[in-house]
> 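One structure follows; several queries about it will come next.
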Amino acid sequence: MSLTTDQRLSGVSGGEQVQIQAVPDERVRAHLLRIGMLDGPVRCRTTLSRGPVVLERNGTTIALGDSVADDITVAECE
Amino acid sequence: MGVCPHGDDPPPTDASRDDVVSADANTVALLGAPNVGKSAVFNELTEADADVSNYPGTTVTATIGSVDGHRLVDAPGTYSVSSFSEEERVAREVVLDADAVINVVDATQLDRDLFLTHQLLDMGIPTVVALNVMDEVARDGDEIDVDALEADLGVPVVPTVAVESEGIADLRRAIDEACAPATTPVEQWFDALPDVDASRREAVLVLEDDRPTLERLTAGDARADGGLPDVELPSLRDSIYEHRRRRVDATVDRVREQTDDRRTVTDVVDAALLNPLTGTPLALVGIGLVYLFIGDVIAQRLVDVLETEIFGAHYVPWMTGLVEATVPASGWSEPVRFVLINDTLGLLTVTVQYLLGVLLPLVAGFYLVIGALEDSGLLPRLAVLTDRGMSRIGLNGRAVIPMIVGLGCVTMAVLSTRIAGSRRERLISTALLGLAVPCSAQLGIILGLLAALGAGWWFAYLGVMLLVFGIAGVFLDRTLPGESQGLVTELPRVRRPRAGNVLQKTVTRTKGFLTEAIPLFAVTAAAISVLEYVGALASIVRGLRPLTAALGMPAEFGQILVLGLVRRDFAAAGMTDLALSASQAFVGLVVITLFVPCVLAMAMIVKEHDLKTGLVMWTGSWAVAFLVGGLLAAVVTVL
């Protein structure tokens, strides 16, 4: 698996696999960390237009609002 | 009690299993992530009536029961012991004071849930793990080696299917074996602890930068100026969390075998719900079905039978005759007789008819629907679909939950705004609830009246409400200081609601509602009757005449407003007795919907915020109700 250049999570499309790189918000970072979303690649299940991004990893699914996703940097997994 | 289980061949683990911290458990906390079946375990262990729900944050306060001499405290669902949300703060307090913990883990979500388990063990809290929903693990084609998990964690692990009562007897026996490893890897950071006198569990939280725990520890060391001493947090949360995650991953690798990747029916439903192209129509169909059930089957058909045919035709005449036969109509007893059986709001006649014939079926029906929605996991999906719209009024999708709860009972909904996030979002949610969200009791009557007027008036009512909701939301978003938090919410599995759970919740909540509402209704009815008897009600109605005239309403509408000061649904019920034109009924219904929150909701608003906030919302509701009502009255006159 290799990673491509950083991009915003809000720009990721459904079906893509990404690795979360940076989460500036302390509250969101702590939460993603404890539920295992920062352990490895996550799959984007779906994104709603200017709405939430739905991520999945190992059976855990989380929805992040557009403003939250826009602050998060990810790298696409190839 | 206190002896840890020993496997035959324990895998490598960080925990020392020979030397354990044991507990003589007096208070046992039930802890786990939201939607893991924690409340079902609580119900099975205690045979009490705790709610079992499938949405993060529905159990904001802890529920208490007893099991085999232990005090069992059902903490709010949480993913770790910390202080990021109201639920977490309550759970942290429960855990810090507990002698032992039953940690309920969703066996299909080991990756997520074992973080909390490892944290509890780091904190040295005697623990027993209830490995719940094991039936779904088998259905998914996965396998979990329970013995290996027990050996890895060093504490008892009991497989359970709580909703089927499976494993509960074993869990009950295992409570006395709750234990914790004497040492865990978190101790490598203990040297970084600030100079405070902390227990092991408090020390771990301080290392994880939990400021409320630090404040709890330094509260007794107030400086001369009244402030707390400046003690720095060690900023180790990320390091400790990352290390713990690696331990969780290692545990899961050792104990779980994923043998298949089956796509179930619920996965297909889930995918359809999260796709806006299919999810939005499905949500609209769902809302339509809810309307059909509550607005037609219950509000129209069932209530008609109960209110008119049973209470109206039989109970009220019987009770009136009984009181007339026993309470004389003269002397001191005459006012008593009036209060008991007057036609407006007789305490033993119309009040009972209204409470049991109208309110009870509506409230029970709504709780049935909300219970099924909670258990199905559909509410968080609705939060995802509505997030974009809610963000325009300074909220996020999670705020749709208090709004839906508010359609059942605004008082309960004000409490549930705790899940909304910041104080700013709570203020916006609460204000919108108090202003533009009618409760089920009121809504049922309103729907009935609107149905009689015709579909055009129904859509006009809906449009006005949504417009006021939107304008008020945008206004509050632009005027309140600060910024709202974006949506961050787990999506629990889509599950078929179990009838037993839903019915149990409905009965519990309905009982709770009646227990709270009956005394208030009785006092209100008696007070209104006394006012009417002494002629004060007529004076108040006369005083309100300029306002009612501005709305183009008859003077009697003033009496409706007086009832509305106590309960909005009282006002709605009163509307049924007024002879009004279609446009008057429309304006009246809009006004009583936007009018002040009921007494109970006001008490809750003051409790959750403060008196000043409550008064601002109360007077604001007056202003908005009459402003919008006056405008509508002018518009319908021109039309």
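First the proteins, then the strands, lettered A, B, ... as listed; each starts at 1. Not measured: the values here are computed from a predicted model.
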> Determine, using ring centers only, whether His31(A) and Phe84(B) are less than 6.0 Å apart.
no
> Heavy-atom distance under 4.5 Å to chain A: side chain of Asp249(B), backbone, both or neither?
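For Asp249(B), the side chain is the part near chain A, not the backbone.
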> Would you call Leu487(B) and Val68(A) a side-chain contact if the rule is heavy atoms closer than 4.5 Å?
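With C-beta onward as the side chain, the pair stays apart.
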> May I ask you to name which of Asp111(B), Asn275(B), Asp209(B) has the most heavy-atom pairs under 4.5 Å with chain A?
Asp111(B)
> Hey, which of Leu38(A), Leu48(A), Val54(A), Thr46(A) has the most heavy atom pairs under 4.5 Å with chain B?
Leu48(A)
> Are Asp238(B) and Leu33(A) packed together at the side-chain level, in the sense that at least one heavy-atom pair is separated by less than 4.5 angstrom?
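Of all side-chain heavy-atom pairs linking Leu33(A) with Asp238(B), at least one is under 4.5 Å.
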> For Ser49(A), is it the side chain, the backbone, both or neither that has a heavy atom under 4.5 Å from a heavy atom of chain B?
both
> Shortest non-hydrogen contact from Arg388(B) to Gly51(A)?
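Taking every non-hydrogen atom into account, CB-CA, 4.5 Å.
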> Given a strict heavy-atom distance threshold of 4.5 Å, which part of Asn58(A) is in contact with chain B: side chain, backbone, both, or neither?
both
> Taking the side chain as everything from C-beta on, heavy atoms only, tell me whether Gln109(B) gets closer than 4.5 Å to Thr60(A).
yes
> With a 4.5 angstrom heavy-atom cut-off, could you sort out which part of Glu242(B) is near chain A: side chain, backbone, both or neither?
both
> Would you indicate whether the side-chain heavy atoms of Gln485(B) and Asp25(A) approach each other to under 4.5 Å?
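No, their side chains stay 4.5 Å or more apart.
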> Taking the side chain as every heavy atom from C-beta outward, state whether Thr489(B) and Ile62(A) have any pair of such atoms under 4.5 Å apart.
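Result no, sub-4.5 Å side-chain heavy-atom pair not found.
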> Before giving the answer on side-chain contact (heavy atoms from CB on, under 4.5 Å), spell out for Arg45(A) and Leu491(B) the whole-Å C-alpha distance, their side-chain angles and the decisive distance to 0.1 Å.
CA-CA 12 Å; Arg45(A) 281 187 57 178; Leu491(B) 302 182; 5.6 Å; no
> Closer than 3.5 angstrom, by distance alone: can the side chain of Glu490(B) be matched with the main-chain N or O of Thr61(A) as a donor-acceptor pair?
no
> Select one option (side chain, backbone, both, neither) describing which atoms of Glu483(B) are under 4.5 Å from chain A's heavy atoms.
neither
> When you measure from the side chain of Arg245(B) to the backbone N and O of Arg34(A), does any donor-acceptor pair fall under 3.5 Å?
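Side chain of Arg245(B) to backbone of Arg34(A), a donor-acceptor pair under 3.5 Å: yes, one is there.
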> Using non-hydrogen atoms and a 4.5 Å limit, figure out which bit of Ser67(A) sits close to chain B: side chain, backbone, both or neither.
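It is the side chain, since no backbone atom gets that close.
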> Identify which part of Asp113(B) has an atom lying under 4.5 Å from any heavy atom of chain A, answering side chain, backbone, both or neither.
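No part of it gets close to chain A.
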> Taking salt bridge (Lys or Arg N to Asp or Glu O under 4.0 Å) as the test, write out the residues that go with Asp106(B), two or more places apart.
Arg495(B)
> For Leu385(B), is it the side chain, the backbone, both, or neither that has a heavy atom closer than 4.5 Å to a heavy atom of chain A?
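It is both, since atoms from each part get that close.
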> Quick one: closest heavy-atom pair of Asp387(B) and Gly65(A), and the distance?
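The answer is OD2-CA, 3.7 Å.
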> Find the one option among Leu32(A), Leu64(A), Leu55(A) whose heavy-atom pairs under 4.5 Å with chain B are most numerous.
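Greatest number of close heavy-atom pairs with chain B: Leu64(A).
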> Between Ser391(B) and chain A, which part of the residue has a heavy atom less than 4.5 Å away: side chain, backbone, both or neither?
neither
> Is Asp39(A) salt-bridged to Arg246(B), cutoff N-O under 4.0 Å?
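A salt bridge is absent here (no side-chain N lies under 4.0 Å from a carboxylate O).
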